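Since the structure is predicted, the reported quantities are computational estimates derived from the model, not experimental observations.
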Amino acid sequence: MSLSMMSQLLALAAFLTALVVCLGARPIGERFDVMAVPDNRRKRHAVPTPQVGGLAILSGLLVWMIGSLALSA
């Protein structure tokens, strides 16, 4: 398998990792107690909202970085 193909698969794995975290945001947010609860002043959303966007970004980045290091070794 060529290096270009491996890089594409690695990018896909990173994307899918971030997607899984985004799709499971509510259970993850509830499990780790990182929910933004509306207070009708500053937070005006209707329901508690999970705050796991950074986790989604960093999980995909971590998969990509570890894979890149493994490919370069």
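Within a 6.0 Å radius of CZ in R26, other residues, nucleotides and ligands contribute more than 12 heavy atoms.
Note that the OG1 atom of T17 and the CG atom of L12 stand 9.0 Å from one another [nearest 0.5 Å].
The minimum heavy-atom distance linking T49 with H45 is given by the pair OG1-CD2, 3.2 Å. Here the closest heavy-atom approach between residue M35 and residue P50 is recorded as SD-CA, 3.5 Å. Scanning both residues, S68 and L10, for their nearest heavy atoms gives N-CD2, 3.3 Å. Across A18 and A56, no two heavy atoms sit closer than the pair CB-O, 3.4 Å.
If you chain together hydrophobic residues whose side chains sit under 4.5 Å apart, I66 and W64 never meet in one group. There is a path of hydrophobic side-chain contacts, each under 4.5 Å, that joins L71 to L9.
Panel note: side chain S59, backbone I57; no donor-acceptor pair is recorded below 3.5 Å.
For the side chain to side chain contact (heavy atoms under 4.5 Å, CB included) criterion with V21, the lone passing option out of L16, I28, L58 is I28.
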